[in-house]
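Every heavy atom of this structure was used, including side-chain atoms; hydrogens, water molecules and symmetry mates were not.
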Amino acid sequence: LKLDIPGYQALEQHRDRGKRGGIAILVKKGVKILKNFGNEYAQVVCLQGQGSEKVWVGNVYLPPALSLVRRGIEEEMARCQIEEVMSCIPQQDVQVVCGDWNARVADMSPTIDDISIPRKSDDPHTNCRAPWLIALCEMQGWHILNGAQPGPPACKTFAKGNTGSCIDLVLSNNVKHVLSYDHSTL
């Protein structure tokens, strides 16, 4: 099945195995695409910004650990594939990476060049992916925009029964970006 949305170009990455699953980035027709690459867990597209500015937009889907186990995939292998794609983005360019990381980081915040932007989250819990994601952010120079202070706390982006978590995160090397969203409309 190929995405076909009028007015947009769909850049898709399908799973290596199986008939279902994958990720996509939609780019409005007329926006200049300089590069596009990825795998079933992460993809990036480099867009021509104002003047000669390049803006890298990334999309990530790291399935829940149990889903990886059911598919016979090692957690470390999936993480490495994400790191491989993200490491190809030039550090000096603007980067915005979002997606379903299935990582709970609570109020944790990466430290970039001795700067740690305080965060607040409605999800007080962390999981085993939190240290890895914070280390990846520090390596890539990304701050977590969800819940960055001052501003509203990171809301819960996943609900199951009476519980919820914040596992969908937006990361950027440009802290001038402001994140304001209503996840219920996404």
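Using a 4.5 Å cut-off on side-chain heavy atoms (C-beta onward), Val97 and Gln140 make no contact. Side-chain contact between Lys28 and Gln9 is absent, with no heavy-atom pair separated by less than 4.5 Å. You'll find the side chain of Met86 reaches within 4.5 Å of the side chain of Val60, heavy atoms only. A heavy-atom distance below 4.5 Å is not found between the side chains of Arg104 and Phe158. Taking 4.5 Å as the limit, some side-chain heavy atom of Asn102 sits within range of a side-chain heavy atom of Tyr61.
Between Cys128 and Pro131 the shortest heavy-atom distance is O-CD, 3.5 Å. Of all heavy-atom pairs spanning Gly38 and Val85, the tightest one is CA-CG2, 3.8 Å. Summarising the geometry of Ala10 relative to Leu3, their closest heavy-atom pair is CB-CB, 3.7 Å, with the distance given to 0.1 Å. Nearest heavy atom pair, residue Ala148 against residue Ile117, reads CB-CG2, 4.1 Å. The shortest non-hydrogen separation linking Val44 to Ile89 is CG1-CD1, 3.6 Å. Closest approach of Pro90 to Gln95, counting heavy atoms only: O-NE2, 3.3 Å.
Remark: side-chain polar atoms of Asp113 are not paired, donor with acceptor, to backbone N or O of Ile115 under 3.5 angstrom. Judged by distance alone, the side chain of Gln81 and the main-chain N or O of Asn39 form no donor-acceptor pair under 3.5 Å. Judged by distance alone, with hydrogens and angles left aside, the side-chain atoms of Ser121 form no donor-acceptor pair with the main-chain N or O of Asp107 at under 3.5 Å. No donor-acceptor pair under 3.5 Å is formed between the side chain of Asp123 and the backbone N or O of Ala154. No donor-acceptor pair closer than 3.5 Å links the side chain of Thr126 to the backbone N or O of Val105.
Looking at Arg79 and Glu75, a side-chain N of the basic residue comes within less than 4.0 Å of a carboxylate O on the acidic one, giving a salt bridge.
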So Asn173 and Gln91, side-chain contact (heavy atoms from CB on, under 4.5 Å) or not? Walk me through it. CA-CA 8 Å; Asn173 66 340; Gln91 294 286 319; over 6 Å; no
Candidate pair Ile112 and Glu138, rule side-chain contact (heavy atoms from CB on, under 4.5 Å), full reasoning: CA-CA 6 Å; Ile112 314 296; Glu138 291 175 347; 4.3 Å; yes
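Within the model, atoms SG of Cys46 and CD1 of Ile33 stand 10.0 Å from one another, a figure rounded to the nearest 0.5 Å. Taking CG from Asn146 and OG from Ser109, the interatomic distance works out to 11.0 Å, rounded to the nearest 0.5 Å. Atom CG in Leu133 sits 5.5 Å away from atom CD1 in Ile144 (nearest 0.5 Å). Taking CD of Glu83 as the start and CD of Glu76 as the end, the distance is 7.0 Å to the nearest 0.5 Å. For the atom pair CG (Leu11) and CD (Gln43), the distance works out to 6.5 Å, reported to the nearest 0.5 Å. For the atom pair CG of Asp122 and OG1 of Thr157, the computed distance is 10.5 Å after rounding to the nearest 0.5 Å.
In this structure, Met77 is a member of the same hydrophobic cluster as Leu62, with clusters built from ILVMFWY side-chain heavy atoms closer than 4.5 Å. Under the 4.5 Å side-chain heavy-atom criterion for ILVMFWY residues, a single connected hydrophobic cluster contains both Val55 and Val31. In the hydrophobic clustering of this structure, Tyr41 groups with Phe37; members are Ile, Leu, Val, Met, Phe, Trp, Tyr whose side-chain heavy atoms approach within less than 4.5 Å, directly or through other members.
By the 30° and 60° cut-offs, the orientation of the rings of Trp101 relative to Trp132 is tilted.
Sparse packing is recorded around CD of Glu74, with 12 or fewer heavy atoms of other residues, nucleotides or ligands lying under 6.0 Å away.
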